[in-house]
There are 2 protein chains.
Amino acid sequence: MPDPGNPVEQPDAAQFPLLPQLTLDCIILGFHEDQLRVLLLRWKDTQEWSLPGGPVRQNESVDAAAHRILKERTGLDQLFLQQFHVFGDVVRYNREEIKKKLKHVIDPEKWYERAVSIGYYALVDYSKVSPTPDAFTEECQWWDIKNIPQLLFDHNHIITVALQALRIQLSWQPIGYNLLPEEFTMPELQRLYETILGRTLDPRNFHRKIQGLGIVERLETRRKGGAHKAPYLYRFNKAQYEAMLTEGNLSFS
Amino acid sequence: MPDPGNPVEQPDAAQFPLLPQLTLDCIILGFHEDQLRVLLLRWKDTQEWSLPGGPVRQNESVDAAAHRILKERTGLDQLFLQQFHVFGDVVRYNREEIKKKLKHVIDPEKWYERAVSIGYYALVDYSKVSPTPDAFTEECQWWDIKNIPQLLFDHNHIITVALQALRIQLSWQPIGYNLLPEEFTMPELQRLYETILGRTLDPRNFHRKIQGLGIVERLETRRKGGAHKAPYLYRFNKAQYEAMLTEGNLSFS
DNA sequence: TTTCATTATGTCAAAATAACACATTAAGCT
DNA sequence: AGCTTAATGTGTTATTTTGACATAATGAAA
């Protein structure tokens, strides 16, 4: 379910007792047509969008809840999932406004107390995702990160914080394994980095850098189809990639 | 109060309704005698130690709760406080063992369900702290980070994760403003970095680096008192320091 | 005044980064 | 077949940053 910020009575509450006043919000990011995109949900009978999210069940870990929600929204099992912040203000958004906007979906009497929300971001292979709405929503769709509408709750803010965290990750860990298909081209990887960093990179320097990290291997084949020189295909060297995820590029001086 | 992992009935529960099944744990770090030290609490009538922590009240933000707990344990108001991880496993530690160990402090019947804990680390000026135990504990003391005893709950693990987060912070943000007194020497700052990083640094290179960041200003005065050449005193350039905290040294390449 | 402990400081080599331009080639068009 | 278009693949150089390294200076104590 999306995070109603203040959790509401859940459809499957009887079956699955929940941790009270605690929710997750998931920023599910994909990369398509040179755009970083985020998966959003549209609430039933409204034009209001929000992040996917939901409560944590008593018998599952917080991480497991995040995985479950991701699985429900995307169909994907394995993905890069990263806790990045806890949103714990007493008043995270205007509750009356939300109650009003969602009154046709959720009985305004059924809103509980304030909730603390744990933010996760996930990096997924856009082409493998089957966007699926939940019990409160009727549409699940990708949105260009540069073009997010006004969202419910404090979700615009949460996205901002998630992107900051993602850029920090990028500065000392590699990114791409979970965002690109198995085989990809160097310009594609470069555009992914450029999109996250919000600036252009020099293709020669980028190539040198990535090769230096040893996280990719060039294949024999090239990708044909464009009206231009065919780029080589690459795949990630999983072992080296994992190593860079763990050790990272941490260096003080 | 320390985090009983599973929260227990709180002494002031009537006065302050709490967020259920949610607690904070605070890793309060100071620097003294070239050691990074963490503040720990000893439970009443036991030899068992744990991290400071406690529940979040309904009418305060999670960050405010962390500040409150820090204020209660240290007497300090302004300090560097950083959320670093949420510990959300269903079983974070052996509950029966804990109930038994603390049976003289907390009625084993009074333990609630599992709790999710939000980890914060704080960097404080050792000399300004007045360690103060809470309602469940009778001693509050600094421990060398290299010499932590077996702690209650999953607190040894939490400390490990906090130190990892601290090292990551160090790799792209300056550290020191909240850990050192207003005036300090370059060797002191260097030893702080060395302690956090767990390795020695070259004094010439360190000096060059720190000067390059522009976060410190050398004063006219030197610190006398040691049987050796008197080191210059420095103070942080707050503006530049803040700038480095925000912008950081983030660079992909 | 001698000794001891610690601090302050500069140079050079190596590595990493930033800046920069042009030949190649697949596809589409004529 | 030949031309055009669009994007890719690639190397060099200057600059900056990092890492390695050793000695003179000085305050306190003996």
Side-chain angles (χ1 to χ4, degrees), chain A residues 31 33-35 170-174 176 180 183-195 197-235 244 247-253, chain B residues 33-34 170-174 176 180 183-195 197-235 244 247-253:
Chain A
F31 189 64
E33 289 175 352
D34 294 349
Q35 293 177 338
L170 192 56
S171 76
W172 66 282
Q173 287 183 321
L180 295 177
E183 300 188 349
F184 54 90
T185 69
M186 193 58 76
E188 281 168 357
L189 182 60
Q190 180 178 338
R191 285 192 290 268
L192 169 61
Y193 271 73
E194 288 177 336
T195 304
L197 291 171
R199 64 189 167 93
T200 59
L201 300 170
D202 180 276
R204 287 156 292 189
N205 294 342
F206 181 78
H207 186 268
R208 171 154 35 84
K209 176 74 175 186
I210 296 294
Q211 287 289 359
L213 295 177
I215 58 175
V216 299
E217 287 162 359
R218 195 169 88 172
L219 308 179
E220 297 293 319
T221 48
R222 293 162 172 252
R223 164 171 305 156
K224 303 212 172 191
H228 51 74
K229 187 170 180 179
Y232 283 103
L233 287 170
Y234 290 78
R235 77 162 51 115
M244 295 304 290
E247 309 158 25
N249 233 10
L250 286 193
S251 72
F252 155 64
S253 86
Chain B
E33 289 176 352
D34 294 350
L170 192 56
S171 77
W172 66 282
Q173 288 183 320
L180 295 177
E183 300 189 348
F184 55 89
T185 69
M186 194 56 78
E188 281 168 356
L189 183 60
Q190 180 179 339
R191 285 192 290 268
L192 169 61
Y193 272 73
E194 289 177 334
T195 305
L197 292 171
R199 63 191 166 91
T200 60
L201 299 170
D202 179 277
R204 287 156 293 189
N205 295 342
F206 182 79
H207 187 269
R208 175 175 5 111
K209 178 72 177 184
I210 296 294
Q211 287 289 359
L213 295 176
I215 58 174
V216 299
E217 287 163 357
R218 195 168 88 172
L219 308 179
E220 297 293 320
T221 48
R222 293 162 173 252
R223 165 171 303 157
K224 304 212 172 191
H228 51 75
K229 186 168 179 178
Y232 283 103
L233 286 170
Y234 290 78
R235 78 162 53 113
M244 296 304 289
E247 310 158 23
N249 233 9
L250 285 195
S251 71
F252 157 64
S253 101

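Convention: sequence-line order gives letters A, B, ...; per-chain numbering from 1.
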Is the ring pair A:Y234/A:F184 parallel, tilted or perpendicular, if the boundaries are 30 and 60 degrees?
parallel
B:K224 NZ to D:dG27 C1', in whole Å, measures 7 Å
Could B:E33 and B:R191 be called an ion pair, given the rule that one side-chain N must be under 4.0 Å from one carboxylate O?
no
Quick one: does A:P231's side chain get under 4.5 Å of A:M186's, heavy atoms only?
no
Report yes or no: is there a donor-acceptor pair, N or O only, under 3.5 Å between the side chain of B:R208 and the base of D:dG19?
yes
Is A:R235 salt-bridged to A:E217, going by a charged N under 4.0 Å from an acidic O?
no
Rounded to whole angstroms, how far apart are CG on B:D202 and P on D:dT17?
18 Å
Atom-pair distance (CG on A:L197; P on C:dA18), nearest Å:
12 Å
May I ask you to say what A:G212 touches in the nucleic acid, namely base, sugar-phosphate or nothing, with a heavy-atom cut-off under 4.0 Å?
nothing
Given atom OH of B:Y232 and atom C1' of D:dA25, what is their separation to the nearest angstrom?
11 Å
Rounded distance in Å - NE2 (B:H228) to P (C:dA8):
10 Å
Is there a side-chain contact between A:K229 and the phosphate of D:dA6, meaning an N or O under 4.0 Å from OP1 or OP2?
no
Rounded to the nearest Å, what distance is computed from the CZ atom of residue B:R222 to the P atom of nucleotide D:dA28?
12 Å
Using atom CG of A:N205 as one end and atom P of D:dG9 as the other, report the distance to the nearest whole Å.
15 Å
Using a 4.0 Å heavy-atom cut-off, does A:R191 contact any base of the nucleic acid, only the sugar-phosphate backbone, or nothing at all?
sugar-phosphate
N/O (side chain, B:R218) to phosphate O (OP1/OP2, C:dT9) under 4.0 Å:
yes
Nearest-Å distance for atom pair CG/P, residues A:D34 and D:dA7
10 Å
Of A:A227 and A:R204, whose closest DNA chain C nucleotide lies nearer the 5' terminus?
A:R204
Between atom CG of B:D34 and atom CD of B:E194, what is the distance when rounded to the nearest 0.5 Å?
8.5 Å
